[in-house]
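Remarks on the structure that follows.
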Amino acid sequence: MWRGHARSACETKAGEGEAGDRGMGGLNDVSMAQSELNPPQAEAVAYVHGPLLVFAGAGSGKTRVITYRIANLVANEGVMPWRILAVTFTNKAAGEMRARLEEMLGSVARDLWVGTFHATCAKFLRLYPEATSRSKNFVIYDSSDQKAVITRALRDLGLDDRSYPPKQVLARIHKLKQEGRGPHDPSLDKERDKPFKDAYARYELALQAANAFDFEDLIVGVVRILEASADGGDSTDALRAKEALESKFDFVLVDEFQDTNAIQYRLLKRLTSTTRNLCVVGDDDQSIYRWRGADVRNIRGFRRDYPDAKVIKLEQNYRSTKRIVASALAVIAPSRTREPKELWTSNVDGSPIRVIAAADERDEAACVVRAIRDAADAGIARREIAVFYRVHAQSRVLEEALRSVNIPYQIIGGAKFYERAEVKDIIAYLRVLVNPKSDVDMMRIINTPARGIGATTVERIAAVASMRHASIFEALANLEHLEGLSVGTAPRKRLGQFRELINGLIAESTGLAPAEVLRMVLEKSGYRSALKDENTAEADARLENLAELEGSMHDYAVEAEARGEEPTLEGFLERVTLQSDTDSMSEASKVTLMTVHSAKGLEYRLVLLTGMEESIFPYRRQEPLGHEEMDEERRLAYVAVTRAREHLVVTHAKARQIFGTTRLEVPSRFLGDFPAHCIEQHETPAARGLREGGRWIDRSINHDFVRDWTRAPKAAAPAVHDAHDPGDRYIEIDAEASQPYDDVESPARGTNVLHPKFGRGEVLNVVHASEPAVVAFFPGWGEKKVLVKFLKRA
DNA sequence: GAATGGCCCGGCTGC
DNA sequence: CGGGCCATTC
């Protein structure tokens with residue numbers, strides 16, 4: 001329960017339970033809840049006109065402030081809901097905000113514009129597609145699609161991919177787009193790299209020809225509309241769209257403003273150019289997307305751009321214990337440039353932060369398992385627990401450890417479902433049906449499943465199409481009359497058959513529900529039967545994934561209907577591309593594993609922060625990090641720590657196998673920043689073994705490691721405790737439930753067994769040694785040959 | 001001309 | 001560990 005004065009707009013007594021479908025009315029009708037807002041929160045809610053900057057410290061209730069502010073505008077200020085735009089960082093956050101507002105305001109909340117930058121701009125562009133030389137059925141190209149486009153452009157220009165690596169060229173293009181600069185921007189005149197400019201121009205043309213946008217284009221496109229001018233030769237379509245857009249909203253609110261980039265900020269300025277009712281909320285200490293173009297100077301410099309802006313700081317943290325808040329502040333403190341603010345909490349001291357030294361990544365995973373079990377014993381539900389890491393590559397070992405002891409978990413991000421080959425294939429079909437000009441998709445499916453149209457033929461038809469500034473689909477339509485297409489009669493015939501396949505699919509898909517289109521594509525393209533014919537376990541898994549794809553279409557249909565929208569294939573495809581990792585998070589009773597980046601905006605009772613080692617977190621490759629990069633790593637660590645409500649466990653390993661090599665690691669410098677009175681240091685027996693025995697440590701290479709280990713967590717903690725009993729290998733075994741194997745009897749292939757050291761495993765092979773033995777796979781350890789007498793039934 | 005298997009290089013974070 | 005490229009085989 002929040003304490004503090006409720007002021008002005010927020011003095012209301014309506015009961016929360018009465019929230020429901022109600023018309024608009026005074027705020028007293030609205031269940032703005034018994035919630036009492038503290039003075040700065042109330043001020044941020046009640047301040048109505050003009051620019052408003054809210055510095056919202058971690059856990060200071062900023063989502064609540066935005067939500068209430070919107071409710072206040074609608075209920076008390078008489079603002080029409082469709083004239084309010086709220087920009088959130090994820091689709092999930094948008095959905096939650098919308099749901100909350102519907103509770104407070106009733107069904108009128110459906111008319112609010114709530115969404116991410118990308119989703120909102122996509123919506124604008126579908127309203128005014130002509131203004132950007134696209135049609136309404138445009139598709140959005142994700143990074144791999146973009147890479148395909150730029151690779152092709154570079155090849156067409158005869159640029160070799162060693163001097164012009166597609167990834168880097170693409171990165172340069174994105175950087176320019178984030179600044180709103182096209183290939184013919186005057187600022188590029190001094191750019192001496194003409195081939196690069198050509199590649200950029202060609203990339204843009206290719207996207208336009210494909211009736212496609214990349215992520216940046218969605219924002220840039222809307223800004224272009226808003227900056228259209230009759231003098232600048234813009235079309236009447238563009239001018240009409242401009243007029244509609246710039247007067248569309250009375251109020252614009254932006255969450256996580258610290259992670260906006262230059263073009264997004266420009267968009268916001270343009271959308272509010274007449275009203276100046278721009279409310280931005282964020283925390284410069286939590287700016288973690290610099291590498292993606294985010295510019296923390298947007299929030300730090302907001303007052304310069306809007307000298308009359310009202311500035312409010314929310315500094316009371318309601319989320320975390322005192323120890324967690326103090327540690328977070330200690331981690332962020334060394335950062336050089338920060339907006340001054342004092343985060344504080346009146347919450348309890350809480351339990352000490354456990355810092356655990358593990359021997360290696362598996363030992364660390366075992367610590368994680370142990371901590372999760374302890375938490376479960378203490379009554380913390382699994383959904384209240386999260387495991388964080390800096391890079392996805394760390395997740396596998398953690399995953400195996402959890403699986404081996406049957407702790408349900410979900411992984412956010414990582415190997416993404418929609419990036420699986422079979423899913424991408426089918427999505428490519430669907431996108432072609434929606435937008436046949438999409439060459440990237442056409443190239444993907446033209447010979448998938450194999451239908452005798454090989455690389456050479458594809459290359460030739462693509463070359464002819466590009467020579468005529470046409471798409472492959474258009475070239476195929478003219479197949480019989482194409483001059484300069486030198487393919488034999490057989491491939492030509494197959495191309496014709498493919499064209500008929502696509503035309504047939506397009507004709508039959510009209511009027512069908514998205515899931516029905518999917519089923520039809522699977523059948524008629526021959527994709528399903530090709531997979532079935534393979535008759536392998538892998539093909540079966542792919543078929544299952546495709547079934548799951550159909551499932552996700554149903555989920556989408558339900559969501560769309562909740563928003564009052566008609567489910568369409570376009571809508572589904574857009575959702576697939578613009579979905580953020582956390583959007584698909586399950587509410588089920590599972591432990592959540594994710595990167596710290598994904599964790600932004602979330603909170604958990606128990607957070608396990610793993611891999612706190614120099615070179616992992618702060619992450620660095622060869623080059624030492626620059627100041628800016630180091631500051632960002634620090635902010636990322638701050639985000640990680642501030643996700644925890646009650647308990648925080650921080651682990652680091654002394655050696656880590658990652659990216660194919662084993663490295664000796666020293667504890668992260670950020671660990672050294674934790675205040676001594678907040679932490680409690682532990683060490684696993686295996687880690688201590690390394691320190692004391694140093695058996696397999698070559699000190700001549702390793703003296704840094706030893707020195708840093710004694711120095712880095714400089715806080716002399718209370719006594720160092722054992723994280724585990726000696727001899728316990730941390731993979732827990734339910735001893736009572738298992739029975740030993742007899743000496744004579746060997747477990748059969750495929751049976752599950754328990755080993756005192758390696759835990760649960762599966763028998764792969766029975767081997768003949770002097771004693772009965774098997775080769776078994778133990779998650780987290782790999783394949784091991786073990787004697788049967790050490791095994792128990794699982 | 002198409003399909004498949006091996007090999008080498010590069011590898012973060014993500015709308 | 002995976003994707004892209006090349007060599008080999010059909």
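In what follows, chains carry the letters A, B, and so on, assigned in the order in which the sequence lines appear, proteins first and then strands, with residues in each chain numbered from 1. Here the structure is a predicted model, which means the values were calculated and not measured.
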Answer with base, sugar-phosphate or nothing: what part of the nucleic acid does A:Phe89 contact at a heavy-atom distance below 4.0 Å? nothing

Distance, rounded to the nearest Å, where A:Leu170 contributes CG and B:dG14 contributes C1': 13 Å

Counting the atoms with a prime plus P, OP1 and OP2 as sugar-phosphate, which does A:Thr90 contact under 4.0 Å by heavy atoms, base, sugar-phosphate, or nothing? nothing

Lys/Arg cation over aromatic A:Phe89: A:Lys600, 6.0 Å, 45° cone: yes

Test of ring centre spacing under 6.0 Å for A:Phe257 and A:Tyr265: yes

Check the distance between B:dC15's P and A:Asp583's CG and give it to me in whole angstrom. 8 Å

Could you walk me through whether A:Glu613 and A:Arg656 pass salt bridge (Lys or Arg N to Asp or Glu O under 4.0 Å), step by step? CA-CA 9 Å; A:Glu613 298 130 31; A:Arg656 178 176 298 273; 2.7 Å; yes

side-chain hydrogen bond (donor to acceptor under 3.5 Å, both in side chains) partners for A:Tyr527, two or more places apart: A:Asp425

Round to a whole Å and report the spacing from CD1 of A:Ile411 to P of B:dG14. 12 Å

Side-chain contact, heavy-atom cut-off 4.5 Å: A:Thr88 with A:Ile66? no

DNA chain B contacts made by residues 118-126 of chain A, counting heavy atoms under 4.0 Å: A:His118

The salt bridge (Lys or Arg N to Asp or Glu O under 4.0 Å) partners of A:Arg292 (sequence neighbours excluded) come to none

For A:Asn211, the side-chain hydrogen bond (donor to acceptor under 3.5 Å, both in side chains) test, sequence neighbours excluded, returns A:Ser135, A:Asn137

Flag, side chain of A:Arg431 to backbone of A:Ile140, donor-acceptor distance under 3.5 Å: yes

Test ring pair (Phe, Tyr, Trp, His ring centres under 6.0 Å) applied to A:His597 - qualifying residues, sequence neighbours left out: A:Tyr289, A:Trp291

Please list each protein N or O that sits under 3.5 Å from an N or O in nucleotides 1-8 of chain B, with the distance.
unit_1: B:dG1; atom_1: OP1; unit_2: A:Arg460; atom_2: NH1; d: 3.3
unit_1: B:dA2; atom_1: OP1; unit_2: A:Gly454; atom_2: N; d: 2.6
unit_1: B:dA2; atom_1: OP1; unit_2: A:Thr457; atom_2: OG1; d: 2.8
unit_1: B:dA2; atom_1: OP2; unit_2: A:Thr456; atom_2: N; d: 3.3
unit_1: B:dA2; atom_1: OP2; unit_2: A:Thr456; atom_2: OG1; d: 3.3
unit_1: B:dA3; atom_1: OP2; unit_2: A:Asn447; atom_2: ND2; d: 2.8

A:Phe213 CZ to B:dC15 C1', straight-line distance once rounded to whole Å: 16 Å

Looking at A:Ser143, does any N or O in its side chain come under 4.0 Å of the phosphate oxygens OP1/OP2 on B:dG14? no

Let me know the distance between CG of A:Asn261 and P of B:dG14, rounded to the nearest Å. 17 Å

Give a yes-or-no answer on whether the side chains of A:Tyr409 and A:Glu399 include a donor-acceptor pair shorter than 3.5 Å. yes

Using the test salt bridge (Lys or Arg N to Asp or Glu O under 4.0 Å), find all partners of A:Glu628 that sit at least two apart in sequence or belong to another chain. A:Arg336

Nucleotide-resolved protein contact map, nucleotides 3-10 of chain C, B/S/- at heavy-atom distance under 4.0 Å: -SS-----

Under the criterion of centre distance below 5.5 Å and interplanar angle below 30°, is A:Phe117 classified as stacked on the base of B:dC15? no

Given atom CD of A:Glu574 and atom C1' of B:dC15, what is their separation to the nearest angstrom? 12 Å

Salt bridge (Lys or Arg N to Asp or Glu O under 4.0 Å) involving A:Asp283 - partner list, sequence neighbours excluded: A:Lys341

Scan A:Asp581 against the nucleic acid and name what it touches under 4.0 Å (heavy atoms): base, sugar-phosphate only, or nothing. sugar-phosphate

Atom pair distance, as rounded to whole Å: CD1 in A:Ile412 and P in B:dT13: 15 Å

Find every protein N or O atom lying less than 3.5 Å from an N or O atom of nucleotides 10-12 of chain B, and list the pairs.
unit_1: B:dG11; atom_1: OP2; unit_2: A:Arg621; atom_2: NH2; d: 2.9
unit_1: B:dC12; atom_1: O2; unit_2: A:Arg390; atom_2: NH1; d: 3.1
unit_1: B:dC12; atom_1: O2; unit_2: A:Arg390; atom_2: NH2; d: 3.1

A:Ile219 CD1 to B:dG14 C1', in whole Å, measures 14 Å

Could you pull out all residues at least two apart from A:Arg266 that satisfy salt bridge (Lys or Arg N to Asp or Glu O under 4.0 Å)? A:Glu227

With A:Tyr604, which residues qualify under ring pair (Phe, Tyr, Trp, His ring centres under 6.0 Å), at least two apart? none

